[in-house]
Protein chains: 2
Amino acid sequence: MAIFSKTCEYAIRAVLYIAHKSTLGIKVGIKDIAAGIDSPELYLAKILQDLSRKGLINSVKGPNGGFYISDTSLARPLSDIVEAVDGNALFTGCALGLKQCSAVNPCPLHNQFKAIRDQIYQVLNVNTIGTFNEELVNGILSLKK
Amino acid sequence: MAIFSKTCEYAIRAVLYIAHKSTLGIKVGIKDIAAGIDSPELYLAKILQDLSRKGLINSVKGPNGGFYISDTSLARPLSDIVEAVDGNALFTGCALGLKQCSAVNPCPLHNQFKAIRDQIYQVLNVNTIGTFNEELVNGILSLKK
DNA sequence: TGAACAAAAGATAAAAATGTCTTTTAATAA
DNA sequence: TTATTAAAAGACATTTTTATCTTTTGTTCA
Ligand code: FES
Ligand code: FES
């Protein structure tokens with residue numbers, strides 16, 4: 001098992017790709033995005049529809065249409081994407097699947113995993129969608145392969 | 001998405017339950033385990049068959065039979081269970097699903113998630129199957145609800 | 001206007017994870 | 001030895017996740 005679902009992996013990579021293009025003033029089509037992050041085009045389309053409905057990204061139809069992202073959305077944390085796609089089980093759920101994570105009735109891993117969960121949330125909350133644009137432009141960071 | 005698959009959650013809870021009973025010198029049947037960790041009995045049976053084949057736990061058939069765990073297995077780290085069930089994607093895979101996690105071709109989250117991955121491994125490697133027995137006996141820790 | 005373009009929406013399909021049922025095998029004890 | 005017990009094994013079913021296909025809606029531009 002990976003940390004995120006496949007859907008969420010695609011979602012984060014795609015949003016970062018769109019963000020990167022958006023700061024260059026370019027709207028980008030689904031075909032381009034799918035190629036840019038190496039994901040199945042039609043599946044990704046579904047994911048982006050969902051993110052668009054939820055207001056994380058924007059889109060326009062027709063010629064010269066495509067996906068883009070507003071400056072205010074650029075400032076949103078990555079945790080917003082994760083929460084929209086995978087929910088918040090990663091941030092609040094019990095590591096061993098107990099119905100309720102709590103210090104009152106803790107599972108054996110409670111203390112140590114609470115710290116890890118908090119660190120995961122911290123990383124995803126501190127880093128915004130726009131955080132990585134410079135390194136993406138410079139080709140230091142990768143979204144495919 | 002949770003950190004572990006449902007299968008892995010059941011596996012860890014069940015192994016800790018068996019370990020707890022084993023240190024009391026008791027072999028325990030599938031029905032008892034399933035009740036003790038609140039999991040579907042027949043699904044858990046499949047999981048334990050697998051762990052038994054892989055040598056993490058032991059079993060005997062017939063009257064007074066059931067599952068138990070050897071002292072040497074009690075000393076094995078929890079990471080062995082996770083690796084047996086979920087593989088090692090959690091420990092070595094790219095957070096964003098790139099085919100290969102590497103510092104040469106890093107995804108945007110590489111550095112920060114490498115640290116988190118290492119911490120997860122650390123926790124699971126330091127804690128053995130037998131680590132929690134005392135607190136389980138004392139009822140301080142919980143494996144169900 | 002209307003032709004072309006591109007995302008949205010809805011319907012299916014395939015694969016993987018989770019859960020259940022039935023039969024078989026092995027151990028124990030009477 | 002035979003009956004009973006309990007796990008192992010194999011087959012099957014359901015649900016969720018991932019992926020694809022088709023039709024519709026909205027936008028742009030000639
Ligand atoms: S109770 Fe399991 S992580 Fe908190
Ligand atoms: S490349 Fe993504 S976590 Fe290392």
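Quick note on labels: first sequence line is chain A, next is B, and so on, each numbered from 1.
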Using only side-chain N and O atoms of [X], determine if any of them is under 4.0 Å from OP1 or OP2 of [N].
{"X": "A:T7", "N": "D:dT18", "result": "yes"}
{"X": "A:Y10", "N": "D:dT18", "result": "no"}
{"X": "A:S59", "N": "C:dA7", "result": "no"}

I'd like to know whether [atom1] of [X] has more than 12 heavy-atom contacts from other residues, nucleotides or ligands below 6.0 angstrom.
{"X": "A:K144", "atom1": "NZ", "answer": "yes"}
{"X": "A:E135", "atom1": "CD", "answer": "yes"}
{"X": "A:Y121", "atom1": "OH", "answer": "no"}

Considering all heavy atoms, the nearest A:I116-B:Q119 contact: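 Looking at all heavy atoms of both residues, the closest pair is CG1-NE2, 3.6 Å.
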Do any pairs count as a side chain to side chain donor-acceptor pair (under 3.5 Å) and have a residue in residues 47-63 of chain B, sequence neighbours left out, and if so which ones?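 Sorted pair list: B:D50-B:R53, B:D50-B:K54.
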Tell me, which pairs form a side chain to side chain donor-acceptor pair (under 3.5 Å) where one or both residues lie in residues 81-97 of chain A, sequence neighbours left out?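 Qualifying pairs, neighbours excluded: A:S5-A:D86.
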Counting only non-hydrogen atoms, which of residues 31-55 of chain B are less than 4.0 Å from DNA chain D?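 The answer is B:K46, B:Q49, B:S52, B:R53.
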Near DNA chain D, counting only heavy atoms under 4.0 Å, which residues of residues 82-98 of chain A show up?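 Per residue number, the list is empty: none.
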Given 3.5 Å as the limit, does a donor-acceptor pair link the side chain of [X] with the main chain of [Y], or not?
{"X": "A:S70", "Y": "A:S73", "value": "yes"}
{"X": "B:S22", "Y": "B:A19", "value": "no"}
{"X": "B:D80", "Y": "B:R76", "value": "no"}

I need the residues from residues 19-27 of chain B with at least one non-hydrogen atom less than 4.0 Å from DNA chain C; give them sorted by number, or say none.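 Output list: empty, so none.
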How long is the span from the CG atom in A:L98 to the CZ atom in B:R13, to the nearest 0.5 Å?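 Nearest 0.5 Å value for the CG-CZ distance: 5.5 Å.
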Point-to-point distance, once rounded to the nearest 0.5 Å, from CG of A:L90 to CD1 of A:I120: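 Interatomic distance, A:L90 CG to A:I120 CD1, rounded to 0.5 Å: 4.5 Å.
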Could you give the [atom1]-to-[atom2] distance, from [X] to [N], as a whole number of Å?
{"X": "B:K6", "N": "D:dT17", "atom1": "NZ", "atom2": "P", "answer": "12 Å"}
{"X": "A:Y68", "N": "C:dA7", "atom1": "OH", "atom2": "C1'", "answer": "13 Å"}
{"X": "B:I18", "N": "D:dA7", "atom1": "CD1", "atom2": "C1'", "answer": "12 Å"}

Between the protein and nucleotides 2-6 of chain D, which nitrogen or oxygen pairs are less than 3.5 angstrom apart?
{"unit_1": "D:dA6", "atom_1": "O4'", "unit_2": "B:G62", "atom_2": "N", "d": "3.4"}
{"unit_1": "D:dA6", "atom_1": "O4'", "unit_2": "B:G62", "atom_2": "O", "d": "3.2"}

Take A:K21 and A:D32, measure what salt bridge (Lys or Arg N to Asp or Glu O under 4.0 Å) needs, and give me the verdict at the end. CA-CA 11 Å; A:K21 295 288 184 182; A:D32 187 344; 5.1 Å; no
Trace of the ring-ring contact (aromatic ring centres under 6.0 Å, His included) decision for A:F113 with B:F4: CA-CA 12 Å; A:F113 264 83; B:F4 304 120; 5.8 Å; yes
